[in-house]
Amino acid sequence: MVGERRNGNLLVQLGPRLQAYPEELIRQRRTHDGQTEYLIRWCSSSSGVGGSSSATSGETKPENILMWMSTEDVYANCPTLLGKRKTDTQRPLQQQETQGGETADVGQRSGSEFPADITFDEVELSDMKEDVKNLVRRARKQMAKKSDFSISITHTIHVLSAYASIGSLVGVFKETGALNLLMELLCNKETQTRRSAGKMLRALASHDAGSRAYVLLSLSQQDGIEQHMDFDNRYTLLELFAETTSSEEHGISFEGIHLPQIPGKLLFSLVKRYLCVTSLMDKLNTAGVDSSSERQDSKHLRVQREFDFTMAMANLISELVRVMGWDRNRQPPDGSFHHPGGVGVSPVVTPPKKKSSNGFKTRSDFASRSAYVEYVQDNLKSGMLVRMLEDYEEVSAGDEGEFRYSNDGSPPVQVYWNSLSRTYWVHWHMVEILGSSSCSQAEKETQEKASSLTETLKLTAGKPPGGLYSLPYLSEGLQTDPVSLSRAEWWEILFFIKKLEPKQQQEVNSILLQSLDDQLDDSLLISLSVPGDVAKKLLHYLKQKLPSSCLSDLLCSHTFSKHYLRRGGGCLDDAELLGEDKITTKYQISLILNNFLDNYQEDVLPWHESIEPCLSSMTAFINDREVVQLFIRFLYRLASLNKDYAVVMCRLGTKEALVKALDKHSTNLLLVTELRDLITDCEKYANLYKKMTTSVLAGCIQMVLGQIEEHRRSHQPINIPFFDVFLRNLCQGSSVELKEDKCWEKVEVSSNHHRANKLIDKNPKTYWESNGCTGSHFINIYMHKGVVIRQLAVLVASEDSSYMPARILVLGGDDPTNINTELNTVNVTPSASRVVLLENMTRFWSIIQIRIKRCQQGGIDTRVHGFEVLGPKPTFWPVFKEQLCCRTYLFYSTKAHTWCQEVMEDKTQLLQLFNKLNSALRHEQMFADRFLPDAEAAEALGRTCWEALITPIVHSITLSESSVFSPLSWLLSEYLDNAESARRCKSRAAIFNSRVRRLTHLLVHVDTSRLDSEELKPPVKSSEWLSIAGIALCWQGVVQRQVKKFLESSCSLPDFVERYRTLYLRLKNAMEELFGQQTAFVLALRHGFSAALLQLSILRAMHVSERFAQYIDQMIQVSGAAAGSVETLERLQQFLEPMLFLSGLELANTFEHFYRYYLGDRLLAQGNIWLESAVIDHIGSCFPSRFPQQMLKNLGESAELQQEFHLYRLQQLDRCLQEHDQVRVLSKLSSLEEWMESEEEADVQVLVLSPRCWAVSSLCFLDEPAKHFPAELWSYLNQFTQFYSHSQSMYGLSHSKPRRLQWTWLGHAELQFGCWTLHVSTLQMFILLQFNNEEEVSVEALLQVTGLSAAVLLHALMPLISEGAPLVCSQPDDPRHGVLTIDQQVALRSMDGIPVSVQLLPRQTYLNVDEDAAGTLERKRNYIYCLIVHIMKQEKEMHIDNLVFKVLDSCQKQEASRPPGAGRFSCSTSDVLSCIMHVINKGCIRRNEENLHIVEFLPEDPSTPQKGQAQFSFSRSEITKDATADSRADIRCDL
């Protein structure tokens, strides 16, 4: 079973050093469908913490992950927890408060559940309870009085505070309404009363977390309470909240990420909403565990609770987006469901409108974007010129370019931009058509490039925008456009309706009543089904009536884009409502701000947003004392009026700005010290506010992750408004990870422009040197749009002496003519090498100027060796990615483990696995399309899902814990068995195979072995089991069993090879149906065949090899004949594919032996050379010794030798003519002509074949050609012999033995018989030529003259005496004793004058494996086995290469000592190595464990081989000496 276990529970590896294990069952709940689910606390820690007791103190603290699990999942993953569940009274409250805000409703618990600090007897406790009740009543009466309220109530509160410190009285404070009284006192107008109430709250919360949580939950349900509380009471409550929930509990760190400083009132409001959401979520999680009487209405109650939670969550996200400053970067969507490229896109910049003189419409001519997009798609053709209408990543508004082509990706439009000098992808609505290009050649090139990319585009066109994975069957049914709104869309509209005034909400109800004709109440309104046209009316009304604070949320919402903009409800001019004019901070503005403070009202203006611009402006105008003084005065007054603003100043670097101002203007500035002291006093508040911001943000992230997990479990869509907005901001930075060279566009220098490239060549030894006067040297860096610098540094060198900078001024600007904002001034020490100029900038600057004001030692010119830019600032994406991937991996790991157990118990559950996997992955795909902003974020989620689901499942179903087949092997075998029956589409077999195909397509769709480096990866198992590798190995085993079964049953059948070809085609087709043509499965198919062939015995392996060689021989001969067809060639090609599986096997040596024999006969019979060459090229790897390749090469060399002989004869003729000089010896001219006429040449070609590659028997040797052939023929052969001997003497080496020719009876010839052309062999030619001089010839005479065996002669004679052949035999039943004569009837037909080509070549004879080849090969192997054992007995130990060399040397010596005429014995390196491996397997020798190249002799006797394999006890047979010649010649004659 896959999955490591700890104490009987599953141990999930979340990373290389991170693992999670279930630790406790918290509680259970009943789902809406009646199923029971359990809340399990998983502990994630490093391997030392979770896996053993040897954890060190330096290891990370364990973190908890709470996850709801079904009953099946709990039994499969953590069964021991069901027997160890703690009761509610045993478990402390802190463990019942869920992470992410799942806080229990502790207000309903009894006081006896909480530990008491002080114990009293029952009488004393009863008396004190009565005292508390009386004090609460007195306080109520005192509050009702108007006179001396603050004095009298203060004393009462002091007494209540004393009682509040007693833990046993906590229940009384809840029962008597003391907590409600406390909240009223906290909001009292009297300062003393509020302070006393704060002390009472601290006393009450000092010992009881439950009361603290209850107070905070109660406060969260009171609207507007933050408006009536002062700074100190808000701080008190925030402190209590910090004690209740901290960032450590959430396990999320935002180190390095810039978080805004939120004012106390906004932070308190945010905390209040957060607590409200946690309370509602806890109620939602406990829904369903009601009594049977309440369960009848449970469905409606759950929907109502879900709606309340959804609205609260939407309010929380909306406010969080505002306080985090994320709303400043929001834009209205482009009208599509999911726009991967929409995040981080620059705001729309509309260029000045121009009249279109080219006849094409502009975007302003259309009422909606969708209509304009359709127009551009219909009219834009390849090669047209376009203009960019807005800034998008690297393309700016106004840039022009040439449209290339489009696809279904995102963005879909490729344009060659002149400004970039390259192509870049944009969206349809971003371009404007200018007209056709004037360059026709460019259009042609564009079309050619577009057509060349067609195949590539086919691969990317089907990928979904989310980028999860383009899985098979996954996207079916996802593109439907429903008529009515989904619940998520309708609830998003309801969220905005709730923001209207009551009167306006009545008007909305009227719209709904008019459109739907139905009575409405609050319960029906939640579950209402609203058509799209009605939604458009509602959105139009909301757009007009919503307050400005909510209007931006509406315009940027998904529902507004889909059901208003897409339906033509308006154009994107609404985006102008989101724009804000940036105020340039100057002297007059500072005066206005100070005047505003004279009539200060806290909630009229967002005063905290003015602090950062003031500090930036003060830094920019640091030299102007009057401006700086005005800003300091404004900041001091603002901090004095409200401490919240002083807290904000702490985090924005106000103290550093004041220090710079003092350095610049000394003591001439007023209020600097006072402002600095005020800020210093507020630093403790700033730390708490930062902690609270981190805690709330971490809690929100955990709640979001919990909702993702909750809907992942139910496979229901997420209905929370603005959920996509929150995720989009969390995923910012996932699309592009800017590196140093991508932060800036170009660099300019003040002088020596040709050396500016030295600044960016990353070579510290090169430098840019200026040329000018002191203080005029600068470097301008043009930044990419939107990149906020995290760090800017320059590289200098001390050895530059006076050229080294001493003082550097850094300026920022928005254009080259306005670079005047001073960002920093740095003094450079003489020993510096890297000088940091800027760090953690808070805004974007288009141009950064590095100005060298002064050089060391008073130098004039300067040298800079380079600069480094780091950006952008850290984002939330790495943090969110880690949390998302870990929780996703944990969830799907448990699911995979559950499904694996089901499969192990019942193999038929494999057929249900596809539906489960596809459902899970489809849900993740829909989630990615809807909520994740770009392909990288979706791919991170997709890879995690794949690793958590597919990899463990594949590992489980491909491995078997017993000797029985693995589940997947069983499934694939069943698929193959059902292949024939599955042809009937509606049969059970067809349905079964369809399920198998869908499952395998899903499992092998993506190879999880491709892992990104140095990022959060789904963990790699210790076994490094890869999904495709495991399935491929399983498929290999199935193939091996199928082939082995076939070989055992069909090896002796006549049509064995045809059946073998059919088997291969069947397995190949099944492979393509199941897995496609992936390389891993093609190799698995090959290895399966090879493994089955390796299990054959020696005799059966030789038999199979010989049948393979026979089949190829027959197919080639049939293809070369006149009746050959394309079908035959196709069958041959199909069979050659599985022949490649012999490559690398010992079986290949046997196959090569037979193939070489048959190939030699075909080539000597003037076979089809191009077909032979094509076949050998295709299966060349099956020939270890490369004999067939050498045979073809030898034919080419023979042809070259024949050409050399032709040139040699011409030289001999020229030399002869030179001797007969025509001038001096004219009398001899006539005799010369007679000599030349007497030399009649025959058309003869000699094939010189090497015995190293050609298998020629000594029985075919021809010793004296002159005795057997006519004079004109043997004279030619004699001349060739002389030529060959001469060439050997000329080119042979002095120490080598010259080669000589050995003529054979092999070869072929063409004889003219009347008008017929007879194609015969050399021996047949000799027989037929006898009839030129004789009328009859006896067979006995032929045997005596040739000296050949009767079998060889009769094999050549039989075609000549067959029906229609030129000869007849007197005794056809016994040709050996017969007499041959010419068939006169055939001779008469040959004289008819009709040319006919007659094939009389002998038929191919096939070897008898059992009698001939088997014995030869077994003797050869036995001889090598004996040599190996004999050598190892002497040496005991030696290198395997030396052993091979010694064996080969012994074989060559034995070969040289054989007598002439004896059988030849060839031995190759591959033969010796295969025999060595066989001897090792038999236990005669072994490899050294430390050095595998060393082999050692084992004295034990080897085991007896089985199945006809050779025995090592065979004695060496006597081998007769062979004096066969080194070279032989075959003859081809045309007479």
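For the numbers below, each heavy atom of this structure counts, side chains included, while hydrogens, waters and symmetry mates do not.
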Item checked: Residues Tyr1158 and Glu1106: side-chain donor-acceptor under 3.5 angstrom -> yes
Margin query: Here's one to test your reading of the geometry: is the NZ or CZ of Arg1156 within 45 degrees of the ring axis of Phe1187 and under 6.0 Å from its centre?
Written below: yes
Margin query: Counting C-beta onward and ignoring hydrogens, is there a side-chain heavy-atom pair between Leu1195 and Glu1197 closer than 4.5 Å?
Written below: no
Next item on the list: Hey, could you give me each pair passing salt bridge (charged side-chain N to carboxylate O under 4.0 Å, His left out) that has a residue in residues 1314-1329? Not counting sequence neighbours.
Entry: none
Check: In terms of the angle between their ring planes, are Phe1205 and Tyr1276 parallel, tilted or perpendicular, with boundaries placed at 30° and 60°?
Finding: perpendicular
Check: Atom CZ of Arg1215 and atom CG of Leu1217: how far apart are they, to the nearest 0.5 Å?
Finding: 12.0 Å
Item checked: Close side-chain approach of Met1115 and Tyr1111, heavy atoms under 4.5 Å -> yes
Next item on the list: Taking the side chain as every heavy atom from C-beta outward, state whether Ile1394 and Trp1316 have any pair of such atoms under 4.5 Å apart.
Entry: no
Check: Are the side chain of Glu1152 and the backbone of Ser1185 linked by a donor-acceptor contact shorter than 3.5 Å?
Finding: yes
Next item on the list: Decide yes or no on side chain to side chain contact (heavy atoms under 4.5 Å, CB included) for Ile1176 and Met1191, but give the supporting numbers first.
Entry: CA-CA 11 Å; Ile1176 292 174; Met1191 293 169 71; over 6 Å; no
Notebook entry, point to check: How many angstroms lie between atom CD1 of Ile1169 and atom CG of Leu1192, to the nearest 0.5 angstrom?
Noted result: 6.5 Å
Margin query: Within the structure provided, determine whether Phe1445 and Val1472 are in side-chain contact (heavy-atom separation under 4.5 Å).
Written below: no
Check: Hey, what's the ring geometry for Tyr1155 with Phe1151, parallel, tilted or perpendicular (30° and 60° as the breaks)?
Finding: tilted
Item checked: Side-chain heavy-atom pair Thr1317, Gln1312 within 4.5 angstrom cut-off -> yes
Check: Does a side-chain heavy-atom distance below 4.5 Å link Phe1283 with Asn1278?
Finding: no
Item checked: Any side-chain heavy-atom pair of Thr1128 and Gln1114 under 4.5 Å -> no
Checklist line | Lys/Arg N to Asp/Glu carboxylate O, Glu1058 vs Arg1131, below 4.0 Å | finding: yes
Next item on the list: Can you measure from SG (Cys1182) to CZ (Arg1186) and round to the nearest 0.5 angstrom?
Entry: 12.0 Å
Next item on the list: Look at the rings of Tyr1060 and Phe1108 and say which category their plane angle falls in: under 30° parallel, 30 to 60° tilted, over 60° perpendicular.
Entry: tilted
Notebook entry, point to check: About how many Å separate CG of Asn1149 and CE of Met1102, when rounded to the nearest 0.5 Å?
Noted result: 12.0 Å
Check: Between Arg1389 and Gly1364, which heavy-atom pair has the shortest distance, and what is it?
Finding: NH2-CA, 4.1 Å
Next item on the list: In sequence, state the C-alpha distance, the side-chain angles, and the governing distance for Val1368 and Leu1380, and then conclude on side chain to side chain contact (heavy atoms under 4.5 Å, CB included).
Entry: CA-CA 6 Å; Val1368 294; Leu1380 303 176; over 6 Å; no
Checklist line | side chain to side chain donor-acceptor pair (under 3.5 Å) evaluation trace for His1319 with Ser1397 | finding: CA-CA 7 Å; His1319 296 271; Ser1397 178; 2.8 Å; yes
Item checked: Distance (rounded to the nearest 0.5 Å) between Leu1360 CG and Asp1383 CG -> 12.0 Å
Item checked: Within 6.0 Å of CD in Gln1133, more than 12 heavy atoms from elsewhere -> no
Notebook entry, point to check: Can the ring centres of Trp1305 and His1268 be said to be less than 6.0 Å apart?
Noted result: yes
Note to self: Heavy-atom count check: over 12 atoms from other residues, nucleotides or ligands less than 6.0 Å from Arg1162 CZ?
What the structure shows: yes
Item checked: Rounded distance (nearest 0.5 Å) linking atom OG1 of Thr1304 with atom CG of Leu1323 -> 10.5 Å
Next item on the list: Determine whether the side chains of Arg1209 and Gln1279 contain a donor N or O and an acceptor N or O closer than 3.5 Å.
Entry: yes
Checklist line | Any side-chain heavy-atom pair of Trp1254 and Leu1247 under 4.5 Å | finding: no
Next item on the list: Quick one: closest heavy-atom pair of Val1246 and Ser1198, and the distance?
Entry: O-OG, 3.4 Å
Next item on the list: Could you check Phe1326 against Gln1330 for side chain to side chain contact (heavy atoms under 4.5 Å, CB included), going step by step and ending with a plain yes or no?
Entry: CA-CA 7 Å; Phe1326 165 73; Gln1330 301 299 316; 2.8 Å; yes
Notebook entry, point to check: Do Gln1134 and Tyr1064 have a side chain donor and acceptor closer than 3.5 Å?
Noted result: no
Next item on the list: Show your reasoning for whether side chain to side chain contact (heavy atoms under 4.5 Å, CB included) applies to Thr1322 and Gln1324.
Entry: CA-CA 5 Å; Thr1322 303; Gln1324 288 175 324; over 6 Å; no
